[in-house]
Every structure is written in structure tokens, then in C-alpha cells.
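Shown next, in C-alpha cells, is the structure this report addresses.
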Amino acid sequence: MTTLPKVTITYCSQCNWLLRAAWMSQELLSTFSTDLAQVTLIPATGGIYQITVDDQLIWDRKTMGGFPDAAEIKRRLRAQCFPDRDLGHNEKKSDNP
């Protein structure tokens with residue numbers, strides 16, 4: 001049996017980033033659906049906004065410069081967990097020769 005990926009979004013509750021984190025989780029669940037084991041939201045403080053997949057960091061607001069769009073996170077999640085999967089309209093034109 002293959003273990004499904006677990007996504008964690010840690011967000012700053014002091015900065016009111018719950019809606020941003022919830023929206024991102026909805027986007028990931030809409031695209032990857034039952035291919036994910038879970039998407040977990042973790043409130044924190046200090047301006048944090050990090051997204052991990054199976055404990056591997058794929059986005060950090062502080063080091064990567066701001067907030068990602070959903071398509072970027074979907075591409076990063078796909079690259080790590082589902083490299084052969086087509087993301088349809090979320091693919092960058094340069095990704096499809």
C-alpha cells in the first residue's frame with residue numbers, strides 16, 4: 001500500500017492569514033482530491049506562512065518572498081509527489097514544449 005502525501009500549511013493567526021491558508025487548502029484538495037492523505041492547517045505566530053509536503057518544505061513566505069499563487073504550489077506538490085501528472089491549465093506554457 002502506498003502512503004498518500006500529507007500537506008501542512010502553517011500560518012500566522014496574528015496576521016489574519018487563516019483565510020489565505022484555508023483557500024490554499026481548498027485549491028489543493030480540489031486539484032488532488034483523494035490523492036492526498038490530508039491537508040492540515042496549523043495556526044502559529046510571528047508572520048509564518050509555510051507549506052510542507054511530508055515534512056519537506058515547499059514554500060516559506062520569509063525566504064521565498066511573499067505568498068505563492070495556487071498554481072505554483074500545485075506545480076511544486078506535483079513535482080514532489082506526482083511527477084507524471086498533468087495539471088491542465090495550471091501548467092506554465094514553458095512547461096509544455
Side-chain angles (χ1 to χ4, degrees):
M1 181 173 147
T2 304
T3 303
L4 298 175
K6 296 178 182 177
V7 177
T8 302
I9 302 173
T10 306
Y11 66 94
C12 180
S13 59
Q14 291 174 320
C15 300
N16 295 316
W17 290 338
L18 170 60
L19 290 178
R20 182 184 300 272
W23 170 76
M24 185 63 74
S25 67
Q26 174 263 314
E27 286 289 321
L28 295 175
L29 289 167
S30 292
T31 298
F32 295 101
S33 187
T34 57
D35 292 331
L36 298 176
Q38 65 188 35
V39 177
T40 304
L41 302 180
I42 300 177
T45 58
I48 191 169
Y49 189 85
Q50 293 180 335
I51 301 173
T52 61
V53 178
D54 293 331
D55 297 322
Q56 291 189 352
L57 186 66
I58 64 169
W59 192 267
D60 178 39
R61 183 193 69 81
K62 290 181 180 179
T63 60
M64 296 175 176
F67 296 99
D69 62 10
E72 178 63 25
I73 294 304
K74 290 176 186 182
R75 286 190 293 270
R76 289 174 184 235
L77 174 60
R78 186 270 314 265
Q80 183 171 329
C81 302
F82 312 106
D84 297 326
R85 184 179 189 139
D86 179 26
L87 291 178
H89 71 278
N90 286 307
E91 297 287 351
K92 287 184 179 178
K93 294 205 186 304
S94 62
D95 290 346
N96 294 323

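Computed from a prediction, not measured in an experiment: that's the story for all the values here.
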With Arg76 via salt bridge (charged side-chain N to carboxylate O under 4.0 Å, His left out) - residues at least two apart: Glu72

Check: Thr45 side chain, Cys12 main-chain N or O, donor-acceptor pair, under 3.5 Å: no

Set of side chain to side chain donor-acceptor pair (under 3.5 Å) partners for Gln14, sequence neighbours left out: none

Distance in Å, Ser13 OG paired with Ile42 CD1, rounded so as to fall on 0.5 Å steps: 12.0 Å

At what distance, to the nearest 0.5 angstrom, does CG of Leu36 lie from CG of Leu77? 6.0 Å

Salt bridge (charged side-chain N to carboxylate O under 4.0 Å, His left out) contacts touching residues 8-19 (sequence neighbours left out): none

Salt bridge (charged side-chain N to carboxylate O under 4.0 Å, His left out): pairs with one or both residues in residues 25-34, sequence neighbours excluded: Glu27-Lys74

Test of understanding: with ring-ring contact (aromatic ring centres under 6.0 Å, His included), list the residues that count as partners of Trp59, not counting sequence neighbours. none

Sequence neighbours excluded, the answer for side chain to side chain donor-acceptor pair (under 3.5 Å) partners of Ser33 is none

Taking side chain to side chain contact (heavy atoms under 4.5 Å, CB included) as the test, write out the residues that go with Thr52, two or more places apart. Thr8, Leu57

Could you list all the ring-ring contact (aromatic ring centres under 6.0 Å, His included) pairs where at least one residue sits in residues 21-43, not counting sequence neighbours? Phe32-Phe82

Under the side chain to side chain contact (heavy atoms under 4.5 Å, CB included) test, which residues partner Ala79, sequence neighbours left out? none

Taking only residues two or more places apart in sequence, or in another chain, which ones meet Leu41 in a side chain to side chain contact (heavy atoms under 4.5 Å, CB included)? Ile9, Tyr11, Leu18, Ala21, Ala22, Ser25

Do Ile73 and Val7 touch side chain to side chain, with heavy atoms closer than 4.5 Å? no

Enumerate donor-acceptor pairs with a distance under 3.5 Å from any side-chain N or O in residues 60-68 to protein atoms, sequence neighbours excluded.
| unit_1 | atom_1 | unit_2 | atom_2 | d |
| --- | --- | --- | --- | --- |
| Asp60 | OD1 | Gln50 | NE2 | 3.1 |
| Asp60 | OD2 | Thr63 | N | 3.3 |
| Asp60 | OD2 | Thr63 | OG1 | 2.9 |
| Arg61 | NE | Gly47 | O | 2.9 |
| Arg61 | NH2 | Gly47 | O | 2.7 |
| Lys62 | NZ | Gly46 | O | 2.8 |

For Gln80 versus Ile58, what's the shortest heavy-atom pair and its separation? OE1-CG2, 3.3 Å

Where do Thr31 and Arg78 land on the side-chain contact (heavy atoms from CB on, under 4.5 Å) test, with the steps shown first? CA-CA 10 Å; Thr31 298; Arg78 186 270 314 265; over 6 Å; no

Set of salt bridge (charged side-chain N to carboxylate O under 4.0 Å, His left out) partners for Asp54, sequence neighbours left out: none

Is there a path of hydrophobic side-chain contacts, each under 4.5 Å between heavy atoms of I/L/V/M/F/W/Y residues, joining Leu29 to Met24? yes

